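Proteins get letters first, then strands, A, B, ... in listed order; numbering begins at 1 in each. This structure is a prediction, so every number in the text was calculated from the model and none was measured.
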Protein chains: 2
Amino acid sequence: MPTPLEKARQYPDSIKATILTEARRLFGEYGYHGTTTRMIAKAVGIDISTLYYHWGEKKDLFEAVLTDIDQEIEDKLKEIEKQVRGKSIKVRLEVAIDVMCDYWFSKPEVSNLIINRYISKTRHDLSFDLKVPEYISNIAIAMKMAFDKQSIAIADKAKIIAVWNSVFNFVSGENYFRPLLNISHDDYIQVVKDTLKFILLPAFTKNM
Amino acid sequence: MPTPLEKARQYPDSIKATILTEARRLFGEYGYHGTTTRMIAKAVGIDISTLYYHWGEKKDLFEAVLTDIDQEIEDKLKEIEKQVRGKSIKVRLEVAIDVMCDYWFSKPEVSNLIINRYISKTRHDLSFDLKVPEYISNIAIAMKMAFDKQSIAIADKAKIIAVWNSVFNFVSGENYFRPLLNISHDDYIQVVKDTLKFILLPAFTKNM
DNA sequence: AGATATTTCCATCAAATGATGGAAATAATT
DNA sequence: AATTATTTCCATCATTTGATGGAAATATCT
């Protein structure tokens with residue numbers, strides 16, 4: 001028996017899936033309290049009660065969105081892990097930066113939601129949360145910093161967190177930083193990749 | 001004739017200043033739409049209409065908060081600039097990291113507001129904005145990457161943005177990352193400083 | 001002390017927002 | 001075609017939220 005979320009993913013053109021997509025986009029853009037159920041319904045082109053019919057109350061819809069991107073991130077990280085397996089640390093980092101950039105830039109709302117999730121409190125407390133801790137551990141292992149989740153040094157975890165975060169600001173802050181650099185979207189992505197490599201590679205290729 | 005903001009800063013114990021402080025804290029914690037005027041009034045311990053009497057509508061109060069931290073950041077950066085002037089790039093970075101960490105960690109709401117400002121849209125559009133572009137330029141010059149604001153290379157600006165952002169995630173994400181590292185607040189700050197130095201120093205001391 | 005100015009709060013509004021019941025419309029099943 | 005199940009929308013509620021007028025209280029000035 002598939003969950004509502006699995007069903008929605010299975011039929012991307014279904015109304016259920018469309019709602020999820022628009023909700024994701026808007027929650028990412030305006031935050032939880034900045035997004036109203038009416039905004040979502042309007043974006044989808046349906047009545048507000050239809051939205052409630054499909055996903056229940058706002059909080060539930062938001063949690064569905066989080067669960068959705070959580071799964072997506074996990075898949076993406078596994079994919080990256082496969083791509084870099086066996087490569088040198090330099091190549092591992094380069095590929096990871098390229099792939100992560102391409103991915104987050106294609107779905108900026110995911111980046112927004114992640115950042116928002118750990119900086120902004122919500123008035124109503126939500127039960128669900130992203131599995132960022134797991135991502136961090138998995139990356140540490142993929143980067144050969146440790147063999148199992150239990151034995152990752154604090155300093156190493158912190159380094160991964162730094163790498164992990166470094167991409168998001170550029171993605172989520174594009175509207176803010178791009179005018180400052182005065183370049184196109186595509187050029188911006190390239191500059192970000194170059195910058196991240198410039199900063200991250202020396203640290204991880206030299207001292208480790 | 002002092003502006004309301006200058007007046008508030010002049011008398012930190014005045015009700016006007018207290019409102020500003022609490023508003024700042026709450027806006028930082030819950031975001032613009034996540035913070036209600038009633039929450040602020042309650043935190044200050046006054047009636048909601050008293051709040052409106054002092055700062056006008058919500059949007060105006062929020063802009064006052066932004067203007068306030070904008071000034072504070074500018075002052076802090078000037079202070080850092082003085083401290084690092086004439087030092088080597090290595091020392092400049094080390095000192096900047098230490099001072100910036102100490103400062104943002106003592107006022108996490110500033111970090112929150114900055115990040116929030118460039119990732120989350122607001123339903124009502126606000127006229128005022130932080131002068132992040134100026135900060136970036138000033139840092140670039142302080143770091144000796146250029147002589148005047150006009151001649152800063154795009155790549156260099158991007159590097160500064162990366163440095164500039166690297167601190168915020170750790171500050172704003174403390175509640176999220178610290179449990180993951182399972183250490184005290186003070187230890188967390190130290191780990192962050194060490195991590196940032198580990199990552200940033202090699203890049204800027206070697207290739208430039 | 002009395003007059004004036006400032007500050008505070010109570011009561012209240014209007015609009016926005018989350019949420020639902022139930023009828024109408026559509027689709028699926030027999 | 002008739003019956004049943006699903007989906008959609010209209011109308012409407014109850015709260016929440018931003019905002020204000022005006023009386024009461026406090027402070028300031030003469």
Practice prompt. Output, in order, the C-alpha distance, side-chain angles, deciding distance and verdict of side chain to side chain contact (heavy atoms under 4.5 Å, CB included) for B:Ile199 and B:Ser166.
Written response: CA-CA 10 Å; B:Ile199 288 180; B:Ser166 62; over 6 Å; no
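The distance from atom CD of B:Glu57 to atom C1' of D:dT17 is 14 Å, rounded to the nearest whole Å. Protein atom CD1 of A:Ile19 is 11 Å distant from nucleotide atom C1' of D:dT8, rounded to whole Å. Between the NE2 atom of B:His54 and the C1' atom of D:dA19 there is a distance of 16 Å, rounded to whole Å. For the pair A:His124 NE2 and D:dT16 P, the interatomic distance rounds to 9 Å; values are reported in whole Å. As a whole-Å value, the separation of B:Tyr30 OH from D:dT17 C1' is 17 Å. Straight-line distance from the NE2 atom of A:His33 to the C1' atom of D:dG18: 16 Å, rounded to whole Å. At whole-Å resolution of the value, CG in A:Leu51 and C1' in C:dT17 are 13 Å apart. Put simply, OH on A:Tyr53 is 17 Å from P on C:dA25, counting in whole angstrom units.
Contact check, A:Tyr52 against C:dA19: a side-chain N or O comes under 4.0 Å of OP1 or OP2. Contact annotation: B:Ser49 side-chain N/O to D:dT20 OP1/OP2 distance is not under 4.0 Å. When the side-chain nitrogen and oxygen atoms of B:Arg123 are compared with OP1 and OP2 of C:dT17, one or more of them lie within a distance under 4.0 Å. A close approach under 4.0 Å does occur between a side-chain nitrogen or oxygen of B:Thr50 and OP1 or OP2 of C:dC9.
At least one cation-pi condition fails for B:Lys16 and B:Tyr53: the charged atom is not both under 6.0 angstrom from the six-membered ring centre and inside a 45 degree cone around its axis. A cation-pi arrangement is found for B:Lys58 relative to B:Tyr32, the charged atom lying closer than 6.0 Å to the ring centre and inside a 45° cone about the ring normal.
For B:Thr36, the side-chain atoms get nearest to D:dT17 when compared with the rest of C:dT17, D:dT17, C:dT7. Picking from C:dG18, C:dT7, C:dA16 the nucleotide with the shortest atom distance to the side chain of A:Lys58 gives C:dG18. Taking the side chain of B:Asp47 as heavy atoms from C-beta on, and the options D:dA19, C:dC10, D:dT7, the nearest nucleotide is C:dC10. Side-chain atoms of B:Arg38 lie closest to D:dG18 of the nucleotides D:dT7, D:dG18, C:dT8. Considering only the side chain of A:Ile46, D:dC9 comes nearest among D:dA19, D:dC9, C:dT8.
Within the 4.5 Å cutoff, side-chain heavy atoms of B:Ile15 are placed close to those of B:Ile19.
Each of B:Ile48 and B:Ile15 was matched to the nucleotide of DNA chain C holding its nearest heavy atom; the match closer to the 5' end belongs to B:Ile15.
The closest donor-acceptor contact from the side chain of A:Arg92 to the backbone of A:Lys87 lies under 3.5 Å.
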